[in-house]
Protein chains: 2
Amino acid sequence: MKRVSLKDIADSLKVSKTLVSLVLNGKGDQWGINGDTQKKVINKARELNYHPNQMARGLRTGKSNIIGLVVADISNHFYAKISRTVEREVTKLGYQLLVCSSDEIENKEHNLIDLLKDRQRAEGIIVATTQKKASQFKQLIKEQFPIVFIDRNPAIKGASYVGVDNRQGAFEMVEHLIEQKIDKIGLINISPTHISSLSERVEGYKKALKKHGISYSNSIHAVSYFDVEKTTDEAVRQLIAPSCGMKALFAVNNYVAVNCLQAIHKMNIRIPEDVSLVCFDDMDAFKFSQPPLTTVAQPLEQIGEEAVKLLMAQIIDKDFSPRTKILPANIVVRKSSGAIKHERGK
Amino acid sequence: MKRVSLKDIADSLKVSKTLVSLVLNGKGDQWGINGDTQKKVINKARELNYHPNQMARGLRTGKSNIIGLVVADISNHFYAKISRTVEREVTKLGYQLLVCSSDEIENKEHNLIDLLKDRQRAEGIIVATTQKKASQFKQLIKEQFPIVFIDRNPAIKGASYVGVDNRQGAFEMVEHLIEQKIDKIGLINISPTHISSLSERVEGYKKALKKHGISYSNSIHAVSYFDVEKTTDEAVRQLIAPSCGMKALFAVNNYVAVNCLQAIHKMNIRIPEDVSLVCFDDMDAFKFSQPPLTTVAQPLEQIGEEAVKLLMAQIIDKDFSPRTKILPANIVVRKSSGAIKHERGK
DNA sequence: ATGAAAGCGCTAACAA
DNA sequence: TTGTTAGCGCTTTCAT
């Protein structure tokens, strides 16, 4: 099954490879190539079922037509949805998307980015980084390698970023709970906690409590990404223990929320009668969970679209001025944040 | 920011490109190249931060190191999980994974496969096909292009396939319901219904009912992938209407199940008191849904692993003998299949 | 034990 | 309006 190359078309038509290449790349008119000749070439290409070899073309042009996307876990609904949009958008522009999961391991992410850039010669990368160190990114930005950060802002000078207003979203969520007359609100964070989107949410949470004169000492726990089930059970248990007495739990993202739900169900505690549960990140599953969860929803499609836009400004327009796009996050009220029915402070 | 090439290393070491290539590809010993020279080369490569250009290498060797995965929708939990495993496994073997979503559109899938094979020169493809026509696949198999089918068996001579025993899984689920004294069991299928995994489940469903002497005329409805919400509402409404009187609904996959849950919640009907709901495909979300769902769980990791194994038999060992791996599907009993509490046949 | 040279398929500068 | 040629970076055959 030999593959058809430019040369095959050229030979069978008694013309040069150059001409064929020009025509097939739509530069026929521009170079004033005979209309009939063009048609012949195009027909022949179709007849022989010709497909350009991306590797040869890439080698010659220095363009791979590959965009990389690096996230913590592509099977997480949040990233899966974003990746769908990113794929759709870059495909429209003639690129292919290579998606990798870092498993929230800094080293792995570092390697993945190297691999994408150096081996695959990706032309740009979109990343929700888990790295604490900024050296790799600083270098990338310095050498003007196209890169856009999503979800997690590494706060590096010159970096372009797309995300939501985490502070505001968390702030509003806490105020919503307070409106329900709930003032004992625990926050369940997840380590690695240096991730900007998480710390911003914590800030929003603190700000709201402060505004209402509520203390948050002892009300924040962090579970571990690498041992979620056990650490979540513990965190929930401690926060709702009488000594602590939280009447609402705010899970810092969907992953934590799912584990909180499981932990709470295991303990045979009712939501929202015994404790309310809300979280950042929305998903379909939360519409019909037991009970439906009140969440802060992020505009996932828009995040993907904006990220591609910013990346293309760098790749195509060579515009490396750092841009930041902060989108609004909106509260979706469902049953889980209902006011606690029985007596308080018990 | 010029990239470092083999030549740069060769020049700075006053040796040939050949030698450098040989050493860096681990063929130094095999060619009897001086140990010291090898070390020098390796160190220099590291010092200059050398990375081979995949495109150049691919052009020369005819190998792209790319594997393609084509599914209906990568943001569906089922495919997302499988893709994670596939990615992990092919990465171990030095390949990169390119994932594409067909959106259940036959033409799109056809193009995606062409693109993967012809443009990207993917060395093999794993696909959960939505195509009714077999021509593309027959051609691929005829020319010994490495391809493995997952989840959906196209039933083409010579095709390799990995999936679960859908018939058995559906059969057991229906028997489980019957054990709960539920004998009015509706099935909600989804079009395109020609997909093998779906039709096998329908068969299993029918076989179980037949065994117990229960008729299934009027008890099967199919919703549409392209207008799920509306069609699911209708299907559920009709099946549980007094004229039909189903006491359990069996959703043919997770996507249908999610929509059934939403439809049922909207109608203010209780599960399982008013109607039971079970489905094929398990996900975390079903553990804590309202109520937790009884499901048929597929071994997702294993499906991914086996698919890669079969694909590699073709790519590496050039063994194109068709292999089929049917894995068991297991029932996970939760609350949603509980016996109906109130009087029957009303 | 090491090197020279050809060539994978393509594009683009330059010729004609 | 069309063709010739060089070369992208790599691997591999054949020489030395």
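Chain letters run A, B, ... following the sequence lines, proteins first, then strands; residues in each count from 1.
Within 3.5 Å, a donor on the side chain of A/Thr18 pairs with an acceptor on the base of D/dT4, or the reverse.
Contact between the side-chain N/O atoms of B/Ser21 and the OP1/OP2 oxygens of D/dT11 is found at a separation under 4.0 Å. Look at A/Asn53 and you won't find any side-chain N or O under 4.0 angstrom from OP1 or OP2 of C/dC8. Within the structure, a side-chain polar atom (N or O) of B/Lys27 is placed less than 4.0 Å from OP1 or OP2 of D/dT12. Applying the 4.0 Å criterion to OP1 and OP2 of D/dT11, one finds that B/Arg57 has a side-chain N or O inside that range. OP1 and OP2 of D/dG9 both lie 4.0 Å or more from every side-chain N or O belonging to B/Ser5.
Just one of B/His110, B/His194, B/Glu106, B/Glu109 meets the side-chain hydrogen bond (donor to acceptor under 3.5 Å, both in side chains) condition when paired with B/Gln131; it is B/Glu109.
If you measure from atom CD1 of A/Ile33 to atom P of D/dG3, you get 9 Å, rounded to the nearest angstrom. Atom CG of A/Leu6 and atom P of C/dC10 are 4 Å apart (whole Å). A straight line from CE of B/Met55 to C1' of D/dG7 spans 15 Å, rounded to a whole angstrom. Rounded to an integer number of Å, the gap from A/Lys14 NZ to D/dT4 P is 13 Å. Summarising the geometry, the separation between CG on A/Leu59 and P on C/dG7 is reported as 17 Å, rounded to the nearest angstrom. When the C1' atom of C/dG9 is taken as reference, atom CZ of A/Arg3 falls 12 Å away, rounded to whole Å. In this entry the distance linking NE2 of B/His51 with C1' of D/dC8 reads 19 Å, nearest Å. Taking atom CG of B/Leu13 as the reference point, atom P of C/dA1 lies 18 Å away to the nearest angstrom.
Residue contacts for A/Leu22: at a heavy-atom cut-off of 4.0 Å it reaches no nucleic acid atom on any strand shown.
B/Thr130 contributes no side-chain N or O that, together with a main-chain N or O of B/Ile105, makes up a donor-acceptor pair within less than 3.5 Å. Proximity of a side-chain donor or acceptor of B/Gln144 to a complementary backbone N or O of B/Phe320 within less than 3.5 Å is not detected.
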Checking salt bridge (Lys or Arg N to Asp or Glu O under 4.0 Å) for the pair A/Asp103/B/Arg84: CA distance, chi angles, key distance, verdict? CA-CA 10 Å; A/Asp103 287 321; B/Arg84 282 286 270 134; 2.3 Å; yes
Before you tell me yes or no, could you show the steps for A/Lys325 and A/Glu305 under salt bridge (Lys or Arg N to Asp or Glu O under 4.0 Å), namely the whole-Å CA-CA distance, both residues' side-chain angles and the distance that decides it to 0.1 Å? CA-CA 11 Å; A/Lys325 185 90 187 182; A/Glu305 285 167 7; over 6 Å; no
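In the set C/dT11, D/dG3, C/dG9, C/dT11 carries the atom at the smallest distance from any side-chain atom of A/Asn25. The listed nucleotides are C/dG9, D/dT2, D/dC14; the one nearest the side chain of A/Leu19 is D/dT2. For B/Val15, the side-chain atoms get nearest to C/dG3 when compared with the rest of D/dT4, C/dC8, C/dG3.
Comparing B/Arg60 and B/Asn34 along DNA chain C, the residue whose closest nucleotide (by nearest heavy atom) sits nearer the 5' end is B/Asn34.
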